[in-house]
K.L.:
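Below is the structure I would like to discuss, written out as structure tokens.
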Amino acid sequence: FREKHAQHVARYLSAPSFRPMCLSADVRGARANGTEFPVEISLFPVSAPGGVEIVASIREPRPLAESEQRLAAFLELAPDAMIVVDEAGVIRLANAAAERLVGRDGAELRGLDVAALVPEPARSRHGDHIRSFFASPRTRPMGQGLELVALGRSSAEIPVEISLAPVEVGGRRMAVAAIRDVSDRRRVQGDLRAANERLEAAFDLAKLGMWELGLRDDRRTYSHGTLALLGIDETHADTGKFYEAVHPDDRARVHAATEQAARDGLPYRITVRMRHSDGRYRWLETSVRPMRSASGAVETLRGLIRDVTDEREAAAALAETHARLEALLASAPDFVLYCDLDGTIRFINRAIAPLTVEQVVGRRWLDFLPPDQHAASAHAVERALGSTEPVEIEVPARFPEGSWFSCHIGRVVHEGAVVGFVILARDVTARKRAEAQLAAAEQLTSLGMMSGALAHELNNPLAAARWGIAFVAGDG
């Protein structure tokens, strides 16, 4: 100690205060005969004309009084770390849990300034907090609302919660500090906070929101994503005015669904119109799950909400487009068929007499052709599937009987893959019949011309014979 004593004096004079000396060390004094003995030294700064002088109170350590012994025994029973400090902030007692928490043994803790267990910048203000507590001593949590940290061995920071209570020991006022290690809780809370932030970010990205409704107090809690979807703030959402934003035609359904879920506890899904802050109504779909209390009663509804306005508008536009297309196809004079790759008919724009649309869809298109046409027709489909240009064929059909169709076959491509083919079939039965009649007429004409020529050839030899007979008879 003697070699470093000058440094200790200079350090004390730089910030003089009433405190024990060498709190973390086993201080010993030396007698004239050279023997050593344990001592307790308290330092007092005194203003003097030449500056600050130091008054040192030196005494032998006192054994624990009976009241302190009883208190120490009581502290050992506590599961939390417990320390007792006096009005100067000096630790007088510490239980085994406190020793384990900060990594110091009891001898090292007793006599230590409790500020040594407090990290900066809180350490420099800790003396003021101690004086404030003793000025109005009462049982209370320390640093309420703050995340407190204690210093362990090697300055390791330990998240803690501290509760303070005044106590009198041997006629002196002291404070008992119950210190609880909350490292695991803080870690779990941090993980939960991070998970919630990630979930909120995912919901924001997906334009989803969460909400909760307490059935007992009608209190609503909304995520930021939900508030953004509704275009309202927390104050507006937590009042009865919330239902005013629901479209008048949908309010009865909302109330009925809520009451039903409160009764039977079953999840449900509902889509309603709600007025946004911009005055326009938006379609919102919410999936709701009732939550039961320990008694089994439904006490909370939790829901996931999303804006489906664009989906509904797109679906309505698509339905309108389909309706126009179906009307156009229904009025078309030709048959339009869509078949998948195995030739099964999945759509036809109108019935093929005497069959209905339902009797046609689901059958293979080759079923409507004579068997002797199957091979050539299948080959035409293969050529169409492998080409960007349609393939044209004319085939007879079984329905209506004796009919002929001119078919244009083209492939259907979706996302780069061939998924089927379309057949545009035009009834050419009348043309085929006309062509047959024309061919028959032409055949008759050819037969007539052949008969005339034959008659001419037959007539010419007879004329020569008649001339010869006439010549012999002397007529010539």
Side-chain angles (χ1 to χ4, degrees), residues 19-27 38 40 61 63-65 67-134 137-170 172-194:
R19 64 175 177 80
M21 173 181 169
C22 299
L23 294 174
S24 62
D26 183 12
V27 182
E40 288 182 353
L64 290 177
S67 60
E68 291 178 327
Q69 292 176 350
R70 288 198 302 269
L71 180 58
F74 173 76
L75 296 182
E76 289 301 332
L77 299 176
D80 292 328
M82 307 287 288
I83 63 173
V84 178
V85 300
D86 60 20
E87 293 187 69
V90 177
I91 298 175
R92 293 305 179 186
L93 295 173
N95 67 354
E99 296 174 14
R100 291 191 297 270
L101 178 65
V102 299
R104 300 171 186 257
D105 59 30
E108 187 178 2
L109 283 174
R110 286 189 295 274
L112 181 68
D113 189 340
V114 72
L117 304 180
V118 180
E120 290 292 0
R123 180 183 299 174
S124 59
R125 302 190 302 270
H126 197 257
D128 295 336
H129 296 319
I130 291 177
R131 286 188 287 273
S132 174
F133 175 80
F134 280 102
R138 58 185 176 85
T139 300
R140 62 175 176 81
M142 176 179 170
Q144 193 167 13
L146 302 177
E147 292 191 351
L148 303 180
V149 176
L151 281 183
R153 179 67 68 182
S154 302
S155 299
E157 294 190 350
I158 307 165
V160 293
E161 285 181 351
I162 303 176
S163 296
L164 301 175
V167 65
E168 188 172 313
V169 182
R172 291 181 297 170
R173 295 195 308 169
M174 295 190 184
V176 177
I179 308 171
R180 177 168 296 177
D181 185 347
V182 293
S183 301
D184 292 340
R185 187 199 306 170
R186 294 263 182 92
R187 183 170 55 253
V188 170
Q189 289 174 341
D191 293 344
L192 183 59
R193 219 169 17 246

K.L.:
Let me see the working for Leu151 and Glu157 under side-chain contact (heavy atoms from CB on, under 4.5 Å), right down to the final yes or no.
P.N.:
CA-CA 5 Å; Leu151 281 183; Glu157 294 190 350; 4.0 Å; yes

K.L.:
How far apart are the closest heavy atoms of Ala177 and Ile162, and which atoms are they?
P.N.:
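What the structure gives for the nearest pair is CB-CG2, 4.1 Å.
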
K.L.:
How long is the straight-line distance from CD1 of Ile158 back to CG of Leu148, given to the nearest 0.5 Å?
P.N.:
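One finds 12.5 Å between CG of Leu148 and CD1 of Ile158.
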
K.L.:
Which heavy atom in Arg138 sits nearest to a heavy atom in Pro166, and how many Å separate them?
P.N.:
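Smallest interatomic distance, heavy atoms only, reads C-CD, 3.6 Å.
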
K.L.:
Which value, rounded to the nearest 0.5 Å, describes the distance between Leu101 atom CG and Arg153 atom CZ?
P.N.:
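If we round to the nearest 0.5 Å, Leu101:CG and Arg153:CZ are 12.5 Å apart.
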
K.L.:
Could you check whether atom CZ of Arg186 has more than 12 heavy atoms from other residues, nucleotides or ligands sitting under 6.0 Å from it?
P.N.:
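More than 12 within 6.0 Å, yes.
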
K.L.:
Do the side chain of Glu161 and the main chain of Arg180 share a donor and acceptor less than 3.5 angstrom apart?
P.N.:
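It does not hold such a pair.
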
K.L.:
Give, for atom CZ of Arg92 and atom CZ of Arg172, the distance between the pair rounded to the nearest 0.5 Å.
P.N.:
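These two atoms lie 6.0 Å from each other.
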
K.L.:
Ala94 and Ile91: which non-hydrogen atoms are nearest, and at how many Å?
P.N.:
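In terms of heavy atoms, the two residues are closest at CB-CG2, 4.5 Å.
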
K.L.:
State the CD-CE distance between Glu87 and Met174, to the nearest 0.5 angstrom.
P.N.:
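If I round to the nearest 0.5 Å, the distance is 9.0 Å.
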
K.L.:
List the steps and the verdict of side-chain contact (heavy atoms from CB on, under 4.5 Å) for Ile130 and Val114.
P.N.:
CA-CA 10 Å; Ile130 291 177; Val114 72; 3.8 Å; yes

K.L.:
List the atom of Pro159, the atom of Ser183, and the distance in Å for their closest heavy-atom pair.
P.N.:
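Minimum heavy-atom contact is CD-OG, 3.3 Å.
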
K.L.:
Given Leu192 and Gln189, is the side-chain contact (heavy atoms from CB on, under 4.5 Å) satisfied, shown in steps?
P.N.:
CA-CA 5 Å; Leu192 183 59; Gln189 289 174 341; 5.6 Å; no

K.L.:
To the nearest 0.5 Å, what is the distance between CZ on Arg100 and CG on Asn95?
P.N.:
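Nearest 0.5 Å value for the CZ-CG distance: 7.5 Å.
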
K.L.:
Output the distance between atom CD (Glu120) and atom CZ (Arg125), rounded to the nearest 0.5 Å.
P.N.:
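Answer for the CD-CZ pair, Glu120 versus Arg125, is 8.5 Å.
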
K.L.:
Which atoms form the tightest heavy-atom contact between Ala165 and Phe133, and what is the distance?
P.N.:
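Taking every non-hydrogen atom into account, C-CZ, 4.0 Å.
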
K.L.:
Write down the atom of Leu117, the atom of Arg104, and the distance for their closest heavy-atom approach.
P.N.:
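Closest pair (atom of Leu117, atom of Arg104, distance): CD2-NE, 3.9 Å.
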
